[in-house]
Number of protein chains: 2
Amino acid sequence: MTEIDKISSEQLILEAAEQEFLTKGYDGARTISIAQKAGVTHAMLHYYYRTKRQLFECILAKTINTVKETMLAAMGDPNMPLVERLKDGIASHFDHMVANPLLPRFFLNEIISRPELYSLLYERVASFIREFFADLQSEADAAAERGEIEKIDIPMLIISIMSLNIFPFVAYHFIEPVMGTIIADREIFLEERKAENIELIMRRIIKH
Amino acid sequence: MTEIDKISSEQLILEAAEQEFLTKGYDGARTISIAQKAGVTHAMLHYYYRTKRQLFECILAKTINTVKETMLAAMGDPNMPLVERLKDGIASHFDHMVANPLLPRFFLNEIISRPELYSLLYERVASFIREFFADLQSEADAAAERGEIEKIDIPMLIISIMSLNIFPFVAYHFIEPVMGTIIADREIFLEERKAENIELIMRRIIKH
DNA sequence: ATAGTTATTAACAATTTTGTCAAACAATTT
DNA sequence: AAATTGTTTGACAAAATTGTTAATAACTAT
């Protein structure tokens, strides 16, 4: 064995588990399959992580952090003026999706549908989200007052942004064949999609 | 036993299975749990449906039909002028979501992620979808030519509509607590959401 | 080198889940 | 009412999956 390929089994298992859980979900994941991907016997998995459940929770902790970062990114830079800030937030959020395309489905299925897990996440993000919402709403109200934009309801707008930014990743395998040649190049499609989402939201809030 | 409660076990199992599969997915579903919900022994399940897989495929057939109907509804009434047709399509599609709120998640998870199932659906809807797309695109091009609307790319527009209409149902459990009092009444929220989605799409295509 | 620690393996145990079967039961037909 | 058919059950078998253990190997520090 050379020094280089001495990545710890513990780490190899973690990486294999991430792939397995993110693509198949908790119920669909198999500990044996994870061990095989990691190139170790499945006893190793239990040696390091005790149970499938505990291994899952290690992955969960990682994803919850990423989700938190993604949400923060979506709030945009508070120093920018509102319209620029929203553009920035949408683009950043979308970029996070591109970087973690498997996360949305995993998140929606594994976390949200399990009350005990969901409350775990909720406690960690709800308060700071409310703050940002209140902040955005007061800025939006002020801008509307000045006649710069339409009067908008921030929670509703955020749902629109999340819908537009997240759905293409949850449904990519569905979109791809139906849209056919439109998605000849994934990179190009994603760039177009990002621009389209920003365009949609801008047209929603700008006065005409 | 009265005559009235003599709903066949076969039917009871099917209904229980639908609930189980739609909420927990194939991997998460348990045949025993289905039997219990149906109020029969789990041997009955095998007597009528042979295997879990075959029972699942009965549910699948139902959902694929519903999905097909939903997609058709989303194409709107071809006799209406384009803008009205789109409004009609969005509203109808949204109403189908309200009527089958568990379908989107099930569909995205269980069908799309399994190539063999997906091709099954794809064969049954792809051709007629392409037709509608071509139809919509030529109408949109004509309307844009006349200066009535912006020049639009139909596949992209459809992705936007699907994103906006489907996501709230996939993510409802996430949206609910974060949005807090906004969703005090589900009925009202859904009506507002439907209107908002139409508004977003209209503003995207109408010239300003 | 040796003692002590950590890592690894193969075989095995426990549990869960799906699937089978023969016997009992109910309904229907002749 | 006897025969036929379809339904239901409980007990059991098979398979799949997770989890354990004892023996062994590899590494580390003295």
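Just so it is clear: chains get the letters A, B, ... in the order the sequence lines come, proteins before strands, and each one is counted from 1. Every heavy atom of this structure was used, including side-chain atoms; hydrogens, water molecules and symmetry mates were not.
For M44(B), whose side chain is taken as the heavy atoms from C-beta onward, the closest listed nucleotide among dG10(D), dT7(D), dT20(C) is dT7(D). The side chain of I32(A) approaches dT18(D) more closely than any other nucleotide in the set dA7(C), dT18(D), dG10(D).
When each of G39(A) and A29(B) is assigned the nucleotide of DNA chain C with its nearest heavy atom, G39(A) is the one assigned upstream, toward the 5' end. In terms of position on DNA chain D, the residue among H42(A) and H42(B) whose nearest nucleotide sits closer to the 5' end is H42(B).
Looking only at side-chain heavy atoms (C-beta outward), P155(A) and I159(A) stay at 4.5 Å or farther from each other.
At whole-Å resolution of the value, CG in D27(B) and P in dT18(D) are 11 Å apart. In this structure, K52(A) places its NZ atom 5 Å from P of dT18(D), rounding to the nearest Å. The nearest whole Å value for the distance from the OH atom in Y47(A) to the P atom in dT5(C) is 12 Å. Atom CG in L45(B) sits roughly 16 Å away from atom C1' in dG10(D) (whole-Å rounding). Nucleotide dT8(D) holds its P atom 13 Å from the CD atom of Q11(B), rounded to whole Å. In this structure, R30(B) places its CZ atom 15 Å from C1' of dG19(C), rounding to the nearest Å. As rounded to whole Å, 11 Å separates atom P of dT17(C) from atom CD of Q36(B). Between the NE2 atom of H46(B) and the P atom of dA11(D) there is a distance of 17 Å, rounded to whole Å.
When the side-chain nitrogen and oxygen atoms of S9(B) are compared with OP1 and OP2 of dT7(D), none of them lie within a distance under 4.0 Å. Taking only side-chain nitrogens and oxygens, T31(A) comes nearer than 4.0 Å to OP1 or OP2 of dT18(D).
We find that R204(B) and E150(B) are not joined by a salt bridge, their nearest charged nitrogen and carboxylate oxygen being 4.0 Å or further apart. A salt bridge links E20(B) with K37(B): the distance from a Lys NZ or Arg NE/NH1/NH2 to an Asp or Glu carboxylate oxygen falls below 4.0 Å.
Cation-pi check for R193(A) over F169(A) is not met; the charged atom does not lie both under 6.0 angstrom from the ring centroid and within 45 degrees of its normal.
Residue contacts shown for Y48(B) are limited to sugar-phosphate atoms, with no base heavy atom under 4.0 Å away. A35(B) comes within 4.0 angstrom of no nucleic acid atom, judged by non-hydrogen atoms across all strands.
For residues 27-49 of chain A, the ring-ring contact (aromatic ring centres under 6.0 Å, His included) pairs, not counting sequence neighbours, are H42(A)-H46(A). The list of salt bridge (charged side-chain N to carboxylate O under 4.0 Å, His left out) pairs with a residue in residues 90-107 of chain A, not counting sequence neighbours, reads D95(A)-K194(A).
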Using Watson-Crick and G-U wobble pairs whose two distances are both under 3.5 Å, how do you write the pairing of DNA chain C as dot-bracket, with | for links to another strand? ||||||||||||||||||||||||||||||
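With ring centers used as reference points, Y26(B) lies under 6.0 Å from F56(B).
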